[in-house]
Q: 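Sharing a structure here in structure tokens format.
In this chain, residues are counted from 1 in sequence order. In this text, all values refer to a predicted model and were calculated from it rather than measured experimentally.
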Amino acid sequence: MAPSKVLAGARVVLPTGTVNDGRVIVDGTRIADTAPPQAETVDLSGHWVVPGFVDLHNHGGGGASFAGGTAEQVLTGVETHRRHGTTTVVASAVTGDLDFLARHAGMLAELAQQGDIVGIHFEGPFISPCRKGAHDEQLLRDPDPAEVRKLVDAAHGHAKMMTLATELPGGLDSVRLLVEHGVIAAVGHTDATYEQTVRAIDAGATVATHLFNAMPPVGHRAPGPITALLEDERITVELINDGTHLHPAALQLAFHHAGAARVAFITDAMDAAGFGDGRYRLGPLDVEVTDGVARLVEGGSIAGSTLTLDRAFKRAVTIDRLPVEDVVAAISANPARLLGLDDRVGSLEPGKDADLVVLDDAFDLVGVMRRGEWVVDPQLG
């Protein structure tokens, strides 16, 4: 077990606000309220200490895929994102053959059981061909509740979320089935109308998968899903804050209408995150990454992102000019609460896991701690 530590002198973002010249006490793997006599003091003057980041929607990184890679490759991606501050990650699958998805879910479930990931998000195959984005249209299917149940069962209790085009035949029944099994039903890759989206929310959907992307735009006579998802207090909206997926004004619109308590920053990252430009695969499709932007080789659709959450944090504060406390909510507290993990992660409170990120005064990452151990040690530069 790591020695106890007192992280002192930083601006510490707590659920109640920011404390200047604050301190965080780490005893073993947990945050404590009192420091043991032998605790080591780490001077973090001039820095910020914020909770570890929680990513609801992530397909890979470090050259490795969560959607189709081996267990070893998934762990490579997990470690890549940890070095960028994501101490809690949900592994997202993409559209594929149903039997393959079930087998792959079984492997991911073992990693969740070990604590390397916290669960599985199925993005596809139950999505709209009209809004398929970087999904193979030949493998798409209507959301049959029996097939939805097959994937949930294959995850052995570790299915956290499923993205559905709820307007398709079987969509609402599938939402109800997911809710019955404790799985988040997310509206995404959808061509739904406003009225159809309202019905999905009433059936139990609680998340908007990467709001604005892969859904109809807002119209003054046909307000579409975006309006329904923004206006309903039951919905948490995912946002990809990489400067490619969203115009800054769209991000501000979401924060204004949903409020900071209903926004979750995600990466929607693919293999190239934290790795570099080049040719990759996302599920069965070829992807070319140029200047950090991932697009399908055929058709040119955006194919996930190369984002890491430390970059999303810095952009939100320095470019979007959002309050630090609102960014912490969107990147840590809100996704932790949505996943039902807020008793363990998402905020810096005694008794919770010692998962935290240290940022310098320019909001660049300089340290990451997970369960009391430094992943990136701020003292080593």
Side-chain angles (χ1 to χ4, degrees), residues 7 10-15 17-19 22 24 44 46-58 61-62 78-90 210-211 236-248 250-252 254-255 258-269 273-274 292 304-339 341-342 345-348 353-370 374-376 378:
L7 312 183
R11 284 167 286 189
V12 179
V13 181
L14 303 174
T18 299
V19 176
V24 178
L44 293 177
H47 293 77
W48 293 83
V49 176
V50 301
F53 307 147
V54 180
D55 196 352
L56 288 171
H57 186 157
N58 187 321
V78 168
E79 180 61 24
T80 297
H81 284 281
R82 280 184 191 164
R83 292 197 300 270
H84 290 275
T86 299
T87 50
T88 302
V89 65
V90 174
H210 44 54
L211 187 75
T236 298
V237 298
E238 295 182 346
L239 298 176
I240 308 170
N241 193 25
D242 62 353
T244 298
H245 282 79
L246 294 177
H247 189 284
L251 181 133
Q252 293 290 349
F255 266 88
R262 289 178 45 221
V263 172
F265 280 146
I266 62 164
T267 60
D268 194 18
S305 85
T306 62
L307 186 64
T308 52
L309 282 180
D310 57 331
R311 287 169 44 212
F313 193 112
K314 179 170 181 172
R315 180 181 177 87
V317 175
T318 62
I319 295 176
D320 301 309
R321 300 295 180 184
L322 294 171
V324 172
E325 294 81 3
D326 287 356
V327 178
V328 167
I331 214 164
S332 300
N334 298 345
R337 182 177 63 250
L338 189 67
L339 292 168
L341 301 174
D342 51 329
V345 299
S347 60
L348 300 176
D353 289 352
D355 291 358
L356 56 88
V357 175
V358 182
L359 305 167
D360 65 17
D361 59 1
F363 296 98
D364 289 315
L365 182 147
V366 295
V368 180
M369 177 181 286
R370 182 174 184 271
W374 289 117
V375 178
V376 177

Q: Restricting to side chain to side chain donor-acceptor pair (under 3.5 Å), what partner residues turn up for Ser347, sequence neighbours left out?
A: Glu349, Lys352
Q: Please identify each residue that fulfils side chain to side chain contact (heavy atoms under 4.5 Å, CB included) with Ala261, with sequence neighbours left out.
A: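 If we apply the side chain to side chain contact (heavy atoms under 4.5 Å, CB included) test to Ala261, skipping adjacent residues, there are no hits.
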Q: Who are the side chain to side chain donor-acceptor pair (under 3.5 Å) partners of Asn334, not counting sequence neighbours?
A: Arg337
Q: Could you pull out all residues at least two apart from Asp326 that satisfy salt bridge (Lys or Arg N to Asp or Glu O under 4.0 Å)?
A: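 Expected list: none.
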Q: Please list, chain by chain and in numerical order, all residues satisfying side chain to side chain donor-acceptor pair (under 3.5 Å) with Asp342, sequence neighbours excluded.
A: none
Q: Got a sec, which residues hit side chain to side chain donor-acceptor pair (under 3.5 Å) with His47, two or more places apart in sequence or on another chain?
A: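 Once residues adjacent in sequence are excluded, His47 has no partner under the side chain to side chain donor-acceptor pair (under 3.5 Å) criterion.
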Q: Taking the six-membered ring for Trp, is the centroid-to-centroid distance between His57 and His210 below 6.0 Å?
A: yes
Q: Show every side chain to side chain donor-acceptor pair (under 3.5 Å) that has at least one partner inside residues 358-368, sequence neighbours left out.
A: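 Matches after skipping sequence neighbours: Lys314-Asp364.
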Q: Partners of His81 by ring pair (Phe, Tyr, Trp, His ring centres under 6.0 Å), sequence neighbours excluded?
A: none
Q: Among residues at least two apart in sequence or on other chains, which ones pass ring pair (Phe, Tyr, Trp, His ring centres under 6.0 Å) with His84?
A: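 Ring pair (Phe, Tyr, Trp, His ring centres under 6.0 Å) check on His84 returns nothing, list empty.
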Q: Can you list the residues that meet the side chain to side chain contact (heavy atoms under 4.5 Å, CB included) rule with Ala354, with sequence neighbours excluded?
A: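 By the side chain to side chain contact (heavy atoms under 4.5 Å, CB included) rule, Ala354 matches Val26, Ile31, Met369.
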Q: Partners of Ala330 by side chain to side chain contact (heavy atoms under 4.5 Å, CB included), sequence neighbours excluded?
A: Phe255, Val263, Phe265
Q: Which residues satisfy the side chain to side chain contact (heavy atoms under 4.5 Å, CB included) test with Thr87, sequence neighbours excluded?
A: Asp355, Val368, Arg370
